[in-house]
Amino acid sequence: MGSQQNGNLFEVFCSRFPADLSTTLLLTGEGEVYTYADLLCESARMANYLTALGAKPGDRVTVQLEKSPQVLFLYLACLRAG
């Protein structure tokens, strides 16, 4: 892991993203396409919303949702928000 020991899991994920963020990340069974740029945008939006609600690094967030791309975005948003 080397120099990434000081970063969080989100930063580790980001370090593995392709240089071209328009690359497809997810293609759903319904034909929805999500790119790495979509993931960054949505997870940032959700992280900002969690922070605006008063969530602080170390807080726990619980949800019960069906599997979906939005659940992945929320998980990464939680990592981004700490």
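Because the structure is predicted, anything quoted here is derived from the model rather than measured.
- Side-chain contact annotation: Thr51 with Asn48, donor-acceptor N/O pair under 3.5 Å absent.
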Residues 25-32 side chain polar contacts: donor-acceptor under 3.5 Å, at least two apart:
from, atom 1, to, atom 2, distance (Å)
Thr28, OG1, Glu30, N, 3.3
Thr28, OG1, Gly31, N, 3.4
Thr28, OG1, Glu32, N, 2.9

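- Considering every non-hydrogen atom in both Gly54 and Asp59, the closest pair reads O-OD2, 4.0 Å.
- Minimum interatomic distance between Met46 and Gln70 (heavy atoms only, all atoms of both residues): CE-O, 4.0 Å.
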Exercise for the section: Given side-chain contact (heavy atoms from CB on, under 4.5 Å), test Leu72 with Leu39 step by step and report yes or no. Expected result: CA-CA 8 Å; Leu72 173 62; Leu39 178 136; 4.1 Å; yes
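- Rounding to the nearest 0.5 Å gives a distance of 10.0 Å between CG of Leu21 and CG of Asp38.
- Scanning all heavy atoms of the two residues, the minimum distance from Val71 to Glu66 falls at CG2-O, 3.1 Å.
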For residues 75-82, tabulate all N or O donor-acceptor pairs below 3.5 Å that involve a side-chain atom, not counting sequence neighbours.
from, atom 1, to, atom 2, distance (Å)
Arg80, NH1, Leu40, O, 2.8
Arg80, NH1, Ser43, OG, 3.0

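- Taken together through direct or relayed side-chain contacts under 4.5 Å among Ile, Leu, Val, Met, Phe, Trp and Tyr, Leu65 and Tyr34 form part of one hydrophobic cluster.
- Sparse packing is recorded around OH of Tyr49, with 12 or fewer heavy atoms of other residues, nucleotides or ligands lying under 6.0 Å away.
- Rounding to the nearest 0.5 angstrom, the gap separating the CZ atom in Phe73 from the OG atom in Ser68 is 8.5 Å.
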